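Structure first, then comments.
Bear in mind the structure is a predicted one, so any value in this text is a computation, not a measurement.
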Amino acid sequence: MTHSLSPRELTLRGLILGALITVVFTASNVYLGLRIGLTFASSIPAAVISMAVLRALGNGTILENNMVQSQASAAGTLSCVFATFPGLIMTGLWSNFPFWQTAGISLAGGIAGVLFTIPLRRALVTESALPYPEGVAAAEILRAGADKENSKSLTALISGSVVAALFTFASNGLRLLADSVSVTVSAGAAVFQATGGLSLALIGAGYLVGLAGGLAMLLGCILAWGFGVPWLTAHVPNTDHLTVSAFAQSMWLHKVRFIGAGAIAMASVWTLIELMGPVARGLRTMLRASRDPLTTESDRDLSPRALIALLVVTVLLLGVFFAAFLWPVAHGIWPAVTAAVLFCIVFGFIMAAACGYMAGIVGSSSSPISGIVIIAAVLSALMILGLEALGLMPAEMMVNNQTLATGFTILLLSAITAIAAISNDNLQDLKTGQLVGASPWKQQVALIAGCVVGAAVIPPVLNILYQAYGFAGAMPRPGMDPSHALSAPQPALISLIAKGIFTGSLDWSMLSLGIGLGAALIVVDLLLRRRKLSLPPLGVAVGIYLPPSVSVTLAVGAIMGWVLKRHLNTKKATIPTTTAASEHDASIGTMLASGFIVGESLTGVALAILSGALGKDDALSLASWLPAPVTSLLGFIIFCLICVWFCRSVLKTDQTT
């Protein structure tokens with residue numbers, strides 16, 4: 001697509017609108033990540049909101065809309081640092097999230113992520129056949145908006161948001177509805193447990209992930225809870241005399257989950273091996289294009305001078321904030337700081353490539369951020385031990401305070417997480433830009449603007465959520481109900497891994513078993529590819545790693561999406577005149593699913609603000625009005641009815657268009 005008249009693209013009003021959307025989506029993703037360990041891709045809802053607002057303001061263009069969604073998407077993705085920063089609270093090094101240090105590390109990682117997407121854009125987008133499902137979907141929505149036909153899509157997004165907000169308020173706010181259902185069965189000493197989360201956000205996420213990813217996660221859940229947990233509960237003594245359900249949870253948390261972590265690490269390493277060739281070709285192409293005067297606007301990246309400036313800014317930010325963390329408590333810190341900065345740059349680029357490749361296959365939501373952080377945790381801790389062996393590490397970090405070494409590792413991982421997450425999501429945005437004819441260098445400027453705003457939003461949101469709910473094992477005030485604490489699964493695991501390496505207490509057996517399982521899953525996937533089938537090893541590994549309430553509900557959403565899309569495709573094949581309508585109906589499902597995610601997440605943030613202001617995490621609770629079995633049954637029934645409404649909304653549109 002060409003734009004000979006140079007329509008407006010990177011505008012001041014677009015940057016302001018993108019910043020406002022950024023605040024909302026960043027807060028939503030931080031909350032969702034701390035609650036269930038997942039975030040949502042914000043490109044699609046950001047695109048819809050942008051189209052509605054710019055249409056009201058007048059003279060909006062598809063390229064201006066694309067810049068807004070790119071900016072908002074970048075900031076929403078930067079929120080993935082939720083996976084690491086809370087670990088500094090859990091280890092006792094921080095009592096809150098200091099603004100400048102949290103924002104500075106997040107921004108440095110974000111800028112590096114944008115920097116790395118430039119050669120990766122050529123390797124994984126321009127010269128690649130990767131599908132980028134979310135990027136393509138966003139482009140289709142932008143095109144629909146340019147044709148002024150997005151009113152039904154916007155209505156679907158709002159409807160889904162309102163329904164999810166009301167359900168979340170009733171369950172997490174009033175607590176009149178349960179947020180999960182669980183069944184525990186014993187067979188001798190073995191314990192089997194089936195759990196499903198009553199979360200509309202997970203239904204929406206599953207719908208967007210697709211059938212392959214959803215079923216892979218379900219298989220992982222079955223391996224964990226149908227084989228791993230029962231075997232361990234049958235052979236490991238219950239020395240703490242826990243209840244049957246609590247004992248099963250303990251085995252999964254302290255044993256089986258590490259198998260999932262090892263499998264994630266192995267799947268990520270395999271991704272890196274597959275990417276070596278494309279990345280090398282992308283670097284060569286980028287250098288040739290920068291010297292070619294005939295390079296068109298639609299293929300022009302930021303100049304080499306700008307790239308060097310970005311790299312300098314990244315190095316300076318990382319160095320300053322790493323030093324600020326160590327300076328008050330250690331001496332002779334510069335070798336450690338220098339090694340940490342180099343690790344972030346070199347390893348960050350490799351991890352960005354891995355995440356970007358997986359995002360191109362299965363979408364941003366299923367990309368291996370968790371596995372990347374686990375690999376980085378092990379390697380960075382081993383790097384620190386290596387520096388200690390060479391006499392280059394401050395003695396205070398290892399001899400007198402291994403907790404400080406753990407905290408420094410977590411801080412380093414925060415930068416790595418931001419780099420990988422931004423590269424992962426930005427490649428989706430750059431794919432959207434390629435399809436609508438955007439200028440890559442302008443899109444890269446918008447991405448950096450999104451990182452600036454997102455970095456500023458993350459620290460206060462983390463502080464609000466911590467003060468309102470607390471994290472599992474780390475409560476800000478005495479007397480708070482630990483059952484309502486945010487689970488923060490990734491920070492807890494990362495802290496445990498890093499501390500275990502420094503103290504020599506890490507159980508390598510489970511990680512090793514997971515690595516072996518990951519290798520077996522890779523072999524199975526390669527064999528299935530010959531039959532044009534797929535079983536993403538990363539999806540199975542994540543299914544083992546995440547709580548069953550997440551994996552099962554995601555799988556339900558994925559199956560719902562497959563059934564609905566199959567129906568629409570069948571309709572399209574049998575009645576050719578409904579082709580456009582069927583495609584539109586599929587976008588209605590995408591909008592409703594996105595609405596579920598946005599509505600639940602924003603309600604969670606609002607409840608967190610209210611709880612923080614009142615100093616109580618159950619300020620609105622009416623749970624005493626109904627017995628627990630009633631809230632569970634009522635929550636399950638209403639949840640099922642909403643899922644039926646979701647399906648009927650898509651199919652009803654199909655029947656009336």
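- Note: I458 CD1 to F99 CZ = 10.0 Å, rounded to the nearest 0.5 Å.
- With sequence neighbours excluded, the residues satisfying side-chain contact (heavy atoms from CB on, under 4.5 Å) with A339 are M383, L387.
- A donor-acceptor pair under 3.5 Å is absent between the side-chain atoms of T338 and the main chain of P335, judged by distance alone.
- Minimum interatomic distance between V81 and S106 (heavy atoms only, all atoms of both residues): CG2-OG, 3.9 Å.
- Put simply, the side chain of S423 never gets that close to the backbone of A420: no donor and acceptor are under 3.5 Å apart.
- Side-chain contact between F502 and L385: present, with at least one pair of heavy atoms (C-beta onward) separated by less than 4.5 Å.
- Taking every heavy atom of both residues into account, S551 and C221 meet most closely at CB-CB, 3.8 Å.
- C80 contributes atom SG, which lies 8.0 Å from atom CD1 of I422 (distance to the nearest 0.5 angstrom).
- Distance check, rounded to the nearest 0.5 Å: CG of L17 to CD of Q71 gives 8.5 Å.
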| query | Given the rule in the side-chain contact (heavy atoms from CB on, under 4.5 Å) test, do W252 and I544 qualify, once you have shown the distances and angles that lead to the verdict? | reply | CA-CA 9 Å; W252 171 76; I544 298 172; 5.6 Å; no
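- T603 has its side chain out of reach of N172: every pair of non-hydrogen atoms, C-beta onward, lies at least 4.5 Å apart.
- Take F325 and apply the ring pair (Phe, Tyr, Trp, His ring centres under 6.0 Å) test, not counting sequence neighbours, and it matches no residue.
- Note that the CG atom of L511 and the CZ atom of R257 stand 12.5 Å from one another [nearest 0.5 Å].
- In this structure the side chain of I642 reaches within 4.5 angstrom of the side chain of F596, judged on heavy atoms.
- Heavy atoms only, all atoms of each residue included: V337 and G319 are closest at CG1-O, 3.7 Å.
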| field | Working for side-chain hydrogen bond (donor to acceptor under 3.5 Å, both in side chains), residues S199 and E600 | value | CA-CA 8 Å; S199 167; E600 179 172 326; 3.0 Å; yes
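- Atom CG of L174 sits about 6.5 Å away from atom CG of L620, to the nearest 0.5 Å.
- Using a distance-only test at 3.5 Å, with no hydrogens or angles considered, no donor-acceptor pair links the side chain of T168 to the main chain of A165.
- Minimum heavy-atom separation, T406 to K499: OG1-CA, 3.5 Å.
- Between L310 and I448, some side-chain heavy-atom pair lies under the 4.5 Å cut-off.
- Listed by chain and number, the residues in a ring pair (Phe, Tyr, Trp, His ring centres under 6.0 Å) with F258 amount to none (sequence neighbours excluded).
- Of the residues listed (F322, F343, F321), the one engaging F408 in a ring pair (Phe, Tyr, Trp, His ring centres under 6.0 Å) is F322, and it is the only one.
- Inter-residue side-chain proximity for L107 and L317 is flagged as met; some heavy-atom pair is nearer than 4.5 Å.
- With sequence neighbours excluded, no residue forms a side-chain contact (heavy atoms from CB on, under 4.5 Å) with V320.
- In this structure, A498 and T409 approach most closely via the heavy-atom pair CB-CG2, 4.1 Å.
- Between I111 atom CD1 and L318 atom CG the span is 9.5 Å, to the nearest 0.5 Å.
- Of all heavy-atom pairs spanning I419 and A112, the tightest one is CG1-CB, 3.7 Å.
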| said: side-chain hydrogen bond (donor to acceptor under 3.5 Å, both in side chains), that's the test. Do T84 and S414 meet it? Break it down for me. | reply: CA-CA 5 Å; T84 51; S414 299; 2.8 Å; yes
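- Among residues two or more places apart in sequence or in another chain, the side-chain contact (heavy atoms from CB on, under 4.5 Å) test is passed with S171 by F167, L177.
- Residues passing the ring pair (Phe, Tyr, Trp, His ring centres under 6.0 Å) test with Y466 are F471, sequence neighbours excluded.
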| said: Let's go through I89 and F97 carefully: what are the C-alpha distance in whole Å and the side-chain angles of both, what is the deciding distance for side-chain contact (heavy atoms from CB on, under 4.5 Å) to 0.1 Å, and is it a yes or a no? | reply: CA-CA 8 Å; I89 298 280; F97 297 94; 3.6 Å; yes
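- Side-chain contact between I203 and F639: present, with at least one pair of heavy atoms (C-beta onward) separated by less than 4.5 Å.
- At least one donor-acceptor pair under 3.5 Å links the side chain of T553 to the backbone N or O of G197.
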